[in-house]
Number of protein chains: 2
Amino acid sequence: MAKKKELDINTEAKIKNAAKNVFHKKGFAATRTRDIAEAAGINLALLNYYFRSKEKLFHIIIQETMQDFMKSFHGIFNDEKTTLDEKLELVASHYIDLLVEQPDIPIFILSEIRNNPEELKEKFQSRHLFFESVFAKQFQKEVEQGKIVNLSMSQFMMNLMGLLVFPFVASPLIKATSELDDTAYQEQMLQRKKLFPIWMKRIMYTKEGN
Amino acid sequence: MAKKKELDINTEAKIKNAAKNVFHKKGFAATRTRDIAEAAGINLALLNYYFRSKEKLFHIIIQETMQDFMKSFHGIFNDEKTTLDEKLELVASHYIDLLVEQPDIPIFILSEIRNNPEELKEKFQSRHLFFESVFAKQFQKEVEQGKIVNLSMSQFMMNLMGLLVFPFVASPLIKATSELDDTAYQEQMLQRKKLFPIWMKRIMYTKEGN
DNA sequence: GTCTATAACGTGATAGAC
DNA sequence: GTCTATCACGTTATAGAC
């Protein structure tokens, strides 16, 4: 039988899990190791026993967070069997579900990169991930065919990420300005799963002067 | 004659200016008052003499930053004489110029709001700013006329902010993944001044099944 | 108003008993 | 492995001379 779901058994995992939650919510500078220990239900000394230092623990967390976040892009963007449009639908569906579950991830990654650009950027080696993907080839082909106009690949990627991720980065603001409670906000996000591909296609395929 | 440009005269202003730069770049938790004092070229004690505490100084800075950032929206969105399309062009032109000059503002505001949602959200009372503006009325009218489809006002505002602001929030990442140096990145941003309105119109006015 | 010196406190990390 | 107690240090804030 497979290993039982380890909720309380492994204290190392308990600490890591607590660290993930607290770091994601408050960022490196604002979290105290005591917060993590408390959230894990263990003593402060144990944290250093298992992970040596706050920094070491943090590196593990941000490393895994970035990796987990990016890995789905790779799978979706490099599938030879799906069209460009289908990839957009898959990306929206997958990432909006993910971000509804863990909305703190983008602002966590972005603000930590701001605080440590040189070190963290390289972990995020997404250059080839985006620009040398099957997706990029399909995109380029449609540009050459004149189907896509007024939109380079890099501008397109900014638009994609902006439409996909920004509503989560700005969620506290959106909730406030739109007077949405948590469930109403979440409904809006889920709605975007079907609307995002529509908007992206409009951006790609519409030509001015119709 | 108007008051001379005060670069060195007023030390209070010197401190405030240094605080703005440092806070914008590193956020509240990661900045030390010593950093600010050093950047201002003054002694640490003077900071407390003028502003009592790090927190008080911070509140002044974030307050003014938010206000400065939002105030142009009000002017542009409530002009009865411009059309919806013209407002989009004005917003893009104004804000992209602003953000090229001060790219740290959005990530600063967003990450500080994350760390203190209840307190800071209310300062950002942009509800009526967006949803009770002339812009909102013009938008609503086009929805009723069937010109705008598959796009509510709140979803539209998320898209607008996402396309406008996200490339600056994610600038370190974009520079890394697109292998752009600073000037190339800036050119891309300036290009968006004319592309943004095009894309927004595509999102608003295209109907599926053309 | 501006400085130096220092107090007061919070936080990361460790020693050492169990 | 896990805990309590404590150290070592950095940072905010203030006292007091000038």
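A, B, ... follow the sequence lines: proteins, then strands. Residue 1 opens every chain. None of these values were measured; they are calculated from a predicted model.
Residue A:K54 qualifies as enclosed at atom NZ: its count of foreign heavy atoms under 6.0 Å is above 12. Enclosure of atom CD in A:E64 by more than 12 non-hydrogen atoms of other residues, nucleotides or ligands within 6.0 angstrom is indicated.
No donor-acceptor pair closer than 3.5 Å links the side chain of A:N78 to the backbone N or O of A:S133. B:Q155 places a side-chain N or O within donor-acceptor distance of the main-chain N or O of A:Q188, the cut-off being under 3.5 Å.
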List the atom pairs, donor and acceptor, that lie under 3.5 Å between side-chain atoms in residues 88-99 of chain B and the rest of the protein, sequence neighbours left out.
residue : atom : partner : partner atom : Å
B:E89   : OE2  : B:K201  : NZ           : 3.2
B:H94   : NE2  : B:S72   : OG           : 2.8
B:Y95   : OH   : B:F69   : O            : 2.5
B:Y95   : OH   : B:F73   : N            : 3.1
B:D97   : OD1  : B:K193  : NZ           : 2.7
B:D97   : OD2  : B:K193  : NZ           : 3.1

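When each of A:L163, A:N150, A:L160 is checked for a side-chain contact (heavy atoms from CB on, under 4.5 Å) with A:I203, only A:L163 meets the rule.
Between B:F156 and B:F135, the ring-plane angle classifies as parallel under the 30° and 60° cut-offs. By the 30° and 60° cut-offs, the orientation of the rings of B:F168 relative to B:Y185 is perpendicular.
Going from atom CZ of A:R52 over to atom P of C:dT14 covers 7 Å, rounded to whole Å. In this structure, B:N48 atom CG and D:dA15 atom P are separated by 11 Å, rounded to whole Å. The interatomic distance linking B:K54 (NZ) with D:dT11 (C1') rounds to 8 Å, in whole Å.
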What nitrogen or oxygen pairs link the protein and nucleotides 2-7 of chain D at under 3.5 Å?
residue : atom : partner : partner atom : Å
D:dT2   : OP2  : A:T11   : OG1          : 3.0
D:dT2   : OP2  : A:Y50   : OH           : 2.7
D:dC3   : OP2  : A:N43   : N            : 3.3
D:dT4   : OP2  : A:N43   : ND2          : 2.9

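Under 4.0 angstrom from either OP1 or OP2 of C:dG12 there lies at least one side-chain N or O belonging to A:T33.
Of the residues in residues 15-28 of chain A, not one comes within less than 4.0 Å of DNA chain C through any heavy atom.
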